[in-house]
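Below you'll find the structure, written out as structure tokens, and then a few comments.
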Amino acid sequence: CAKKAKPHKDDKKDLATCRVLLAELETHQDAWPFLKPVDLKAVPGYRKVIKKPMDFSTIREKLNNSQQNNELFLCTFIIDVNLVFDNCERFNEDDSEIGRAGHNMRRFFDKRWTELLQ
Ligand SMILES: Oc1ccc2c(c1)N[C@H](O)CC2
């Protein structure tokens with residue numbers, strides 16, 4: 001991940017950029033399956049199948065707690081967002097409403113993070 005994020009000149013703004021990017025993810029029309037943690041009591045099999053649940057509200061909490069000087073926050077952010085979409089692919093058919101939402105959101109994220117952070 002570190003090698004992916006080209007060492008661009010000014011990483012001081014990266015935390016603010018992650019917050020902007022996260023806000024765009026949260027307000028996307030296909031974000032609804034990913035806004036809050038999956039209810040592990042209500043969804044049979046989820047706890048067993050998905051080893052590392054992740055969602056946008058948890059990512060926001062982690063960003064709010066991360067320190068600018070902890071330079072790992074950018075990689076952690078990218079890894080966590082991709083975990084949301086990887087979990088979605090693992091648990092949902094591609095040809096399902098939530099499966100399609102996951103693919104759409106991943107495509108949107110890949111485009112925006114490349115524009116904003118690389
Ligand atoms: O039918 C269902 C019911 C619940 C969920 C899903 C599908 N997929 C989500 O990834 C996790 C929650």
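These figures come from a predicted structure and were not determined experimentally.
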Review point. Do other residues, nucleotides or ligands put more than 12 heavy atoms under 6.0 Å from Glu97 CD?
Key: no
Review item, side-chain donor-acceptor pairs of residues 32-41, under 3.5 Å, at least two apart:
{"residue": "Asp39", "atom": "OD1", "partner": "Lys41", "partner atom": "N", "Å": "2.9"}
{"residue": "Asp39", "atom": "OD1", "partner": "Ala42", "partner atom": "N", "Å": "3.2"}

Review point. Same hydrophobic cluster for Leu116 and Phe85, using side-chain heavy-atom links shorter than 4.5 Å among ILVMFWY?
Key: yes
**Study point:** Carboxylate-amine/guanidinium contact Asp86 Arg106, below 4.0 Å
**Key:** yes
Review point. Which pair of non-hydrogen atoms, one from Leu74 and one from Cys18, has the smallest distance, and what is that distance?
Key: CD1-SG, 3.6 Å
**Study point:** Sequence-distant partners of Gln29, side chain to side chain donor-acceptor pair (under 3.5 Å), two or more places apart
**Key:** none
Point to revise | Pairwise distance CG(Asp110) to CE(Met105) - rounded to 0.5 angstrom | key: 11.0 Å
Exercise for review: Please check if Ile50 and Val84 belong to a single hydrophobic cluster, counting links between Ile, Leu, Val, Met, Phe, Trp and Tyr side chain heavy atoms closer than 4.5 Å.
Suggested key: no
**Study point:** Arg112 versus Glu115, closest heavy-atom pair with distance
**Key:** NH1-OE1, 2.6 Å
Practice item. Check the hydrophobic clustering (I, L, V, M, F, W, Y; side-chain heavy atoms under 4.5 Å; chains of links allowed) and say if Leu83 and Leu117 are grouped together. Key: yes
Revision key, fill the gap. Applying side chain to side chain contact (heavy atoms under 4.5 Å, CB included) to Asn92 and not counting sequence neighbours gives Cys88, Ser96, Ile98
Check your understanding: Side chains of Asp14 and Thr17: do they bring a donor and an acceptor to under 3.5 Å?
Key -> no
Exercise for review: Could you pull out the closest heavy-atom pair between Lys62 and Asp80, with the gap in Å?
Suggested key: NZ-OD2, 2.8 Å
Review point. Is any side-chain heavy atom of Asp94 closer than 4.5 Å to a side-chain heavy atom of Arg100?
Key: no
Review point. With a 4.5 Å heavy-atom cut-off, do Trp113 and Val81 have their side chains touching?
Key: no
Practice item. Quick one: closest heavy-atom pair of Gly45 and Phe91, and the distance? Key: C-CE1, 4.1 Å
Check your understanding: What heavy-atom pair brings Asn64 and Arg19 nearest, and what distance separates the two atoms?
Key -> OD1-NE, 3.6 Å
Exercise for review: Look at the side-chain heavy atoms of Ile, Leu, Val, Met, Phe, Trp and Tyr, link any pair under 4.5 Å apart, and say whether Phe77 and Leu15 land in one connected group.
Suggested key: yes
Review point. Distance only, no hydrogens: is a donor on one side chain within 3.5 Å (strictly under) of an acceptor on the other, for Asn104 and Arg107?
Key: yes
Review point. Would a 4.5 Å heavy-atom cut-off, applied to side chains only, mark Asn82 and Phe109 as touching?
Key: yes
Practice item. Give, for atom CG of Asp55 and atom CZ of Arg60, the distance between the pair rounded to the nearest 0.5 Å. Key: 11.5 Å
Exercise for review: Could you tell me whether a side-chain N or O of Thr27 sits under 3.5 Å from a main-chain N or O of Ala23, the two making a donor and an acceptor?
Suggested key: yes
